[in-house]
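None of the values given here were measured: they were computed from a predicted structure. By convention in this document, chain letters (A, B, ...) are assigned in the order of the sequence lines, proteins followed by strands, and residues within each chain are numbered from 1.
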Protein chains: 2
Amino acid sequence: MLLAQVEGFLEVARRGNVSRAAEAMFVTQPTLTARLHALERELGEPLFARTRRGMRLTDAGRAFLPYAERAIRAVRDGRQALADARSASAGRLVLGAAPAVSTYVLPAILQRFAAAYPRVEVAVRTGHSEDVLQMLLREEVQLAMVRAMRNPDIESIPLYEEGLVLVVPPGHPFAQRSRVGIADVASERLIFFDRTSSYYELTQTFFLSLGVTPREVMELDNIESAKKMVQRRLGIALLPRTAVAGELAAKTLTQVTVTDAPALSQKIVVIRRRDQGRPSGTVAAFLNLLKESDPAAVAS
Amino acid sequence: MLLAQVEGFLEVARRGNVSRAAEAMFVTQPTLTARLHALERELGEPLFARTRRGMRLTDAGRAFLPYAERAIRAVRDGRQALADARSASAGRLVLGAAPAVSTYVLPAILQRFAAAYPRVEVAVRTGHSEDVLQMLLREEVQLAMVRAMRNPDIESIPLYEEGLVLVVPPGHPFAQRSRVGIADVASERLIFFDRTSSYYELTQTFFLSLGVTPREVMELDNIESAKKMVQRRLGIALLPRTAVAGELAAKTLTQVTVTDAPALSQKIVVIRRRDQGRPSGTVAAFLNLLKESDPAAVAS
DNA sequence: TCTAGCTATAGAGCTTTTTTATCGGCCCGT
DNA sequence: ACGGGCCGATAAAAAAGCTCTATAGCTAGA
């Protein structure tokens with residue numbers, strides 16, 4: 001059965017006249033007649049009664065009519081849905097993100113994305129990078145913004161380098177000193193967050209590699225709490241720069257540079273299943289938006 | 001766009017494998033590949049990502065999928081609806097009927113029809129023959145059972161001859177007499193029903209042609225009331241045989257034959273729009289059922 | 001009776017589709 | 001490392017179907 005036959009059926013049903021319907025469809029009348037015959041032959045039932053005045057639906061035709069309309073409408077809507085998806089003017093985008101990205105980087109990006117594509121429905125799922133990777137592999141998310149990871153089934157696009165910076169409360173002795181060494185840091189109470197996250201492992205390795213073992217520590221399970229603890233002078237912390245950008249600007253936290261230690265950072269990337277072909281629709285739109293902007297700069 | 005392409009898309013989407021899908025659809029693999037390519041070209045977007053393992057839906061494909069399913073389902077359901085209509089195993093039948101037919105003849109017929117085609121939804125619209133004819137011409141009903149009428153746009157199939165019989169209450173003097181003449185009838189109070197119906201005209205013409213003018217009359221607007229009036233000895237009436245079959249059998253009314261007057265009757269036919277082609281589906285089923293039975297015999 | 005308007009039909013040409021056969025890549029077991 | 005097996009893509013020939021022009025057949029209305 002050809003869609004063209006069903007469309008012809010509808011057009012003739014509407015107009016009751018093959019010639020006019022043919023004209024409206026930009027085909028000749030015999031063509032349309034043939035389509036109708038083919039459709040009737042396939043369905044095994046006359047859909048029209050031929051009269052001197054034109055074509056009238058038979059009972060069978062009347063019975064078939066709503067289904068024909070539904071089918072044509074479905075195809076038309078499907079085309080529209082694809083067009084929407086292509087222009088990203090509508091559709092759905094499901095993102096995965098690591099906690100620090102989700103909280104401090106994504107909001108500003110999503111604000112711009114939502115402004116550019118107001119009809120796109122966006123969903124964000126937050127989790128540790130490893131968990132988000134699994135979501136991606138299970139196709140629960142289309143894109144994920146996580147720390148750089150190695151996996152043969154994904155491709156990564158570098159997003160930004162997220163530095164970990166040492167923050168202290170305003171008025172802390174470190175803030176006045178010209179030089180702060182790693183040994184000085186080790187003697188302070190250190191505040192960590194989320195033992196199960198990659199940050200924890202990263203910072204621990206960092207200290208160990210410098211031969212430093214911070215003794216007094218406090219551990220929180222989220223960055224926001226860690227910041228509060230530092231502000232209440234319960235310790236100092238190594239936190240993602242994006243997570244403290246706001247506090248540094250408001251001078252409610254002060255950044256301290258450790259002179260005798262290398263910069264500590266990790267790469268944040270956006271990852272995507274490698275077997276999904278070229279990005280399209282909302283995904284492509286989001287990636288373009290990322291490409292045009294510096295995610296780390298918009299952290300709030 | 002070809003339905004076959006959409007079906008191919010669905011089958012491949014389900015199986016993730018062109019070769020298997022092609023096999024299931026009884027075509028060769030290159031055919032199906034070509035269909036997919038044609039569909040993708042028409043939609044301007046890859047629907048599948050080709051991998052070593054087979055075909056995976058792209059985001060675009062996923063967006064299109066529900067519409068494709070809807071379209072195919074609509075066509076499938078449409079086919080089924082036609083098949084149902086053909087076998088009259090389901091569907092809808094809208095009948096028109098004159099009051100006497102609707103009340104006394106149709107119930108028994110519909111009982112049998114409903115037994116034979118339980119899934120057919122039946123609707124009856126009752127009205128005077130002329131009104132029902134208009135309903136038929138406006139296609140508000142598919143068939144109508146009315147008195148024989150002349151109209152170029154309809155075709156009629158004779159159903160039965162409906163005789164008008166003179167009924168009197170049990171114990172009425174006429175019931176005992178061997179001969180009742182038209183003059184005797186004229187001296188009785190006569191009960192008519194529904195001045196606007198064809199019965200009224202018919203009976204009036206009948207008396208006039210015999211040179212009789214019934215003086216005392218009573219007029220009801222429905223047969224059932226007329227029967228009750230006769231039973232309460234308020235008069236005698238000329239009523240359709242089918243309408244009094246039950247009372248005659250139960251001996252709550254008595255039939256009297258007028259010896260010096262011709263039999264009075266009118267033809268009941270089933271009519272149908274002439275431009276509807278050959279009857280099909282529920283209509284054909286109903287007509288067949290009529291053909292096989294004697295409607296007048298089943299009057300209750 | 002003629003004309004206008006309707007659909008059906010015939011036959012040629014062309015486009016599209018389908019098929020067979022084959023290619024090129026990749027995975028996996030030996 | 002290599003070969004068999006499975007994947008989809010491609011080429012080319014054959015087949016099928018579609019669309020066109022031209023025309024027929026029919027009826028209603030002038």
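- The shortest side-chain heavy-atom distance between Met25(B) and Thr31(B) does not fall under the 4.5 Å cut-off.
- Contacts of Phe64(B) classified as ring pair (Phe, Tyr, Trp, His ring centres under 6.0 Å), with partners at least two apart in sequence or in another chain: Phe9(B).
- What separates CZ of Phe48(B) from P of dA9(D) is a distance of 10 Å, to the nearest Å.
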Please produce a list of atom pairs where a protein N or O lies less than 3.5 Å from an N or O of nucleotides 4-7 of chain D.
from: dC7(D); atom 1: OP1; to: Asn17(B); atom 2: ND2; distance (Å): 2.8
from: dC7(D); atom 1: OP1; to: Arg20(B); atom 2: NH2; distance (Å): 3.1

- Verdict with supporting geometry, Glu292(A) and Asn288(A), side-chain hydrogen bond (donor to acceptor under 3.5 Å, both in side chains): CA-CA 6 Å; Glu292(A) 294 162 6; Asn288(A) 281 335; 5.9 Å; no

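- A search for side chain to side chain donor-acceptor pair (under 3.5 Å) contacts involving Arg79(B) returns Glu42(A), not counting sequence neighbours.
- Rounded to whole Å, the distance from CD on Glu23(A) to C1' on dC20(D) is 16 Å.
- Put simply, CE on Met1(B) is 17 Å from C1' on dT16(C), counting in whole angstrom units.
- Side-chain nitrogen and oxygen atoms of Arg50(A) include at least one within less than 4.0 Å of the OP1 or OP2 phosphate oxygen of dA8(C).
- Atom CZ in Arg15(B) sits roughly 12 Å away from atom P in dG8(D) (whole-Å rounding).
- Of the residues in residues 27-38 of chain A, those placing a heavy atom less than 4.0 Å from an atom of DNA chain C are Gln29(A), Pro30(A), Thr33(A), His37(A), in numerical order.
- When rounded to the nearest whole Å, the span between CZ of Arg56(A) and C1' of dC6(C) equals 15 Å.
- Salt bridge absent: Arg147(B) and Glu201(B) never bring a charged side-chain N and a carboxylate O closer than 4.0 Å.
- Going from atom CG of Asp153(B) over to atom C1' of dT27(D) covers 14 Å, rounded to whole Å.
- Atom CG of Leu2(B) is separated from atom P of dT15(C) by 17 Å (rounded to the nearest Å).
- Note on residues 3-16 of chain A: pairs passing side chain to side chain donor-acceptor pair (under 3.5 Å), not counting sequence neighbours, are Glu11(A)-Arg14(A), Glu11(A)-Arg15(A).
- Closest approach of Val18(A) to Leu32(A), counting heavy atoms only: O-CD2, 3.6 Å.
- What you find for Leu82(B) and Ala63(A) is that their closest heavy atoms are CD2-CB, 4.5 Å.
- Checked against ring pair (Phe, Tyr, Trp, His ring centres under 6.0 Å), Tyr200(B) has the following partners two or more places apart in sequence or in another chain: Phe192(B).
- One atom, CG of Leu3(B), and another, P of dC18(D), lie 13 Å apart when rounded to the nearest Å.
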